[in-house]
Every structure is written in C-alpha cells, then in structure tokens.
Amino acid sequence: MSSILQCMECAQQYPIQRVIYTCESCGGLLDVNHDFGAIGKTLTRDLFDGRLGAFESPYNSGVWRYKELVLPGVDDRAVVSRMEGNTNLYELPRIAAYAGIDTIFLKHEGENPTGSFKDRGMTTGVTQAKALGMARVACASTGNTSASMASYAARAGMQGIIFLQNQQIALGKLAQGIAFGATCLQINADFDRNMELVQEVSERLGIYVLNSVNPFRLEGQKSIMFEALQQLRWRAPDWIVAPGGNLGNSSAFGKGLREMFEVGLIDRMPRLAIVQAEGANPLYRHFRAGFKDFKPVKAETIATAIKIGNPVNLQKAIRTLEWTSGLVEEVSDQQIMDAKAMIDGVGIGCEPASACSVAGAKKLVERGIIKRGDTVLGLLTGHVLKDPEATIGYHADQLDGISPKYRNRMLQADDDIDEIVRLLQ
Ligand code: F0G
C-alpha cells in the first residue's frame, strides 16, 4: 500500500522520502495520504479489536495498533516505539455534573510514556526520521513536544535539539528534556518566534523538524481518535472537546475522524469544539471573524503549553472545523484553573492546558450549544506532574489574577500531638 505527501491547498504530490514540510509550489501544508483503495474493506472493527492486548511490537502500541491507517509502508522492525497510547478513558459523573451534562468521558493522554499526547506523534515522526537516515532532529516547544522528542530521539540514537522560550516553561517538561540528553537551547524569544527560528536553522544545517508542521507527527496523533472511538465501542459521541495551541491535534482529529468514517469504522461524524485560552486565542478570533484576515496574537496564559499566538496548523484546523461542523470557544485562566482543580480533585489530575476541555464544555453548556443529554468526549492532554508550580500556586492562592474556588489549603503544625489532633478534628 502506498503513501504520498500531498498539498492540502493545490494537491501537488511528493514522494514520502522527500524532506519537505510545506508545498514547493504554493506554500500550503502537506498531508501524508494513504491509498486505502484495495485494503479499505479489510480495515474493520474486528481487525483492530483483535489486536487489543497484543504483546508483540508494534501492535502493543496504541498508535501502531492502527498501523494501516497511520503509516502502512513501514517495516515493523524499523518502528521507534515506547508502547505509547493505550491510555485510559474515564467516565466521570462528578465532572459531568460540574459541566452541566449527564455524561462525559475524559481520555487521559497524560498517561503516555512522557506524560503527554505528544508521544503518539513522536513515534511516527521519529520512525520517519530514522527511515530518512536523519542524525539530528529538532523542535520548538512550550515543553511537551520537547520532552517527548528528547525521549524518542534518545531511543533512536539521534541527537535531539530543542528550542525553548526563556520563560514560563513548566518545570517537569524542562527537566525531561535535560534528563533525556537533548541539546536544550533557551532562547530569548517566545514560542512563535522559536517556531520560525527552528525551521530556518534546521534548513541550513540539514536537521529534521519534528514540530507538528511535520505531517508524519499528525498521522500518529490521529490514533487518539481511533483509540477513543474503539473504547467507546465505535459509537461516535456527540461532541469532542479539546484544547488548541499549535493546532496539531485539531488537525489530526479531523483527518482521523474522516478516515474512520470513510472506511466505515464509525457511522457518523462527531462535532469538534476547540478550546483556547482567552490570552492565546487566535483561532477563536479568526472563527468569530468568519475566517477573514487572520491576525496572530501576542500570547499570554497560565496554561503555558498553549501560549501560542500564531499556530502553524491554522489551515488544517479550519478544514477540521468544516469536516466536523466544529466550533471554537475561549476560556479564562480562572476557568481553566478551577476546571483543573475539579479534574485533580476526582483523583485524575492534568496540567492547566488540558483543563480547557472541561472548562470549554462547561461554557458551551452554559451557552446552550452542548445539550445536557449530549455525550461528550474530552481530551486531557498532559499529566498533573508536568506543571507543579501552577498547581501549588493555585492552592496557595499565589497566582496573579486568579482566586482559587476549589482550594485545598495546606495545614501547618508544630511537633505537638494536641495541636495536630485539634487541626484534624
Ligand atoms: N495540551 C498540552 C498539554 C500541550 O502540550 C499542547 C501543545 C496542547 C494542549 C495543544 O496542542 O498544539 O496540538 O493544539 N504543546 C506544544 C508543545 C505546542 O510544544 O509541547 P496543539
């Protein structure tokens, strides 16, 4: 079965062996497209259900379980995997009640090997880098992409190079990049500028770019949808709600859902709601303006993972919104941190950006767009340990402009039994 690179704007095609991220003739974003023609009919629910619980590589991965839909041409032994995916889907009545609906499922992508959904795109991106014979890979990152790339590059014996903004990178993420041995460049620039820098520097030095502008990343990230829908016994929910930053996930979800619908794995398309932070809301503004005259924003939010003002996958995200009759919502940092405290408080936990899903679902219910009886699938994108400073700052009431509604106040006591007993009574 063959795969090709194809421009989403002008349909120009390129072989997948080319190191190219945008179309040479029109500058459009590229898709990796697979010809499902002959084998489309064999891609059944039974095929993928039959691989559940597999011990053998690569089907023990929650990405490569769907290999035919992800990167069909790769030799199984050439796959660089950490058995990513296979993340849990939680049905959470207390979170549903908080959002004002009957049923919500949260898929916890923070349960991936490096603690975020990025591992799903990194296994395919690094596998492709290896197939191309690359020695060095690079990315700009708000933290999770770099943590993931550092891990997979180390696994594959490649040098990982990460471009980080010089402020506001969450501690857990920074620690991972350093620990996994990547070359870490802290640059006096924000994420959006680093995104430009990494592309220019990589072109000059022949380094492979593993940001989500690389379409092989998105092929892996589609598997979030495949796996979630399989866990829902292939019944599409009414809504899927996910945070949006660089819009890689949004782009991958649209492509993945459409392909599932085309090969008959699902019989209807769910609607996608992309949720952005108010201070980092370029897609929200663009959506409200009827997609006329896109303007980047200077981003600022406590959800540092999505502190992005000029998303590279903008056009693919717009295409997803068309394919899924989707919409875009924005939420405040206060709403994000309160929703996070709720998710943390039921014992599941997530990093701030992830809480956009629940905060956004709640707001869409309040606005009458999501109905009480609708089934909602929310994405939790990162692990609670990624950003300890935001969590502790919230509960200590030390975050500027945020008053913690669901505070878990820390108690202090002397070495005094009576005092401790009094505190706990
Ligand atoms: N949630 C988390 C935890 C993230 O790390 C990111 C993106 C997003 C949501 C947004 O996803 O970019 O696909 O729209 N983090 C990137 C990074 C940008 O560098 O780690 P997106």
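Order of listing sets the numbers, starting from 1, for every ligand and every atom in it. Here the structure is a predicted model, which is why all the values come from computation and not from measurement.
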re atom 16 (C) of ligand 1, the protein heavy-atom contact at minimum distance is Lys118 NZ, 2.9 Å
Find out whether the Lys NZ or Arg CZ of Lys107 is both under 6.0 angstrom from the six-membered ring centre of Tyr90 and within 45° of the ring's axis. no
| message | For a quick check under 3.5 Å, do Arg217 and Thr124 share a side-chain donor-acceptor pair by atom type? | response | no
Check your understanding: Just by modelled atom types, is the Phe105 backbone N or O under 3.5 Å from a matching donor or acceptor in the Glu91 side chain?
Key -> no
Query raised in the report: Do Asn281 and Glu330 have a side chain donor and acceptor closer than 3.5 Å?
Result: yes
Test of proximity, Gly245 against ligand 1: N or O pairs below 3.5 Å = yes
* **Tyr406 versus Asp344, side-chain donor and acceptor atoms under 3.5 Å** => no
query = Between Tyr21 and Tyr208, how do the two ring planes meet: parallel, tilted or perpendicular, split at 30° and 60°?
reply = tilted
If you scan protein heavy atoms around atom 12 (O) of ligand 1, the nearest is Asn246 N, 2.8 Å
| field | Polar contact flag for Gly382 and ligand 1 (N/O pairs, less than 3.5 Å) | value | no
Ligand 1 to Glu351, heavy atom cutoff 4.0 Å, flagged ligand atoms 3 (C)
Without hydrogens or angle criteria, can the side chains of Lys386 and Asn144 be said to hold a donor-acceptor pair below 3.5 Å?
yes
For Ile306, the ligand 1 atoms with a heavy-atom partner under 4.0 Å come out as 8 (C), 9 (C), 10 (C)
Per-atom filter on ligand 1: closer than 4.0 angstrom to a heavy atom of Gly244 are 14 (O)
min-distance protein heavy atom vs atom 4 (C) of ligand 1 -> Ala305 CB, 3.5 Å
Ligand 1 to Thr145, heavy atom cutoff 4.0 Å, flagged ligand atoms 16 (C), 17 (C), 19 (O), 20 (O)
Nearest non-hydrogen protein atom to atom 13 (O) of ligand 1, with distance, is Asn249 N, 2.8 Å
Numbered in order shown, the ligand 1 atoms found under 4.0 Å of a heavy atom of Ala353 are 1 (N)
### Task
Establish, yes or no, whether a centroid distance under 6.0 Å links the rings of Phe226 and Phe48.
no
Counting from 1 in the order shown, the ligand 1 atoms closer than 4.0 Å to a non-hydrogen atom of Ser141 are 17 (C), 19 (O), 20 (O)
Just distances here: any N/O of Thr142 and N/O of ligand 1 closer than 3.5 Å? yes
Numbered in order shown, the ligand 1 atoms found under 4.0 Å of a heavy atom of Ile308 are 18 (C)
Ser354 side chain to Glu351 side chain, donor-acceptor N/O pair below 3.5 angstrom:
no
for atom 1 (N) of ligand 1, nearest protein heavy atom and its distance come out as Thr381 OG1, 2.7 Å
* Please verify whether a non-hydrogen atom of Asn211 lies at under 4.0 Å from ligand 1. => no
A cation-pi test, strictly: NZ or CZ of Arg65 under 6.0 Å from the centre of the six-membered ring of Tyr59 and no more than 45 degrees from its axis. Yes or no?
no
Q) Quick one: do the Trp64 and Thr123 side chains pair a donor with an acceptor below 3.5 Å? A) yes
Looking only at protein heavy atoms, what sits closest to atom 11 (O) of ligand 1 is Phe117 CZ, 3.5 Å
re atom 5 (O) of ligand 1, the protein heavy-atom contact at minimum distance is Asn144 ND2, 2.8 Å
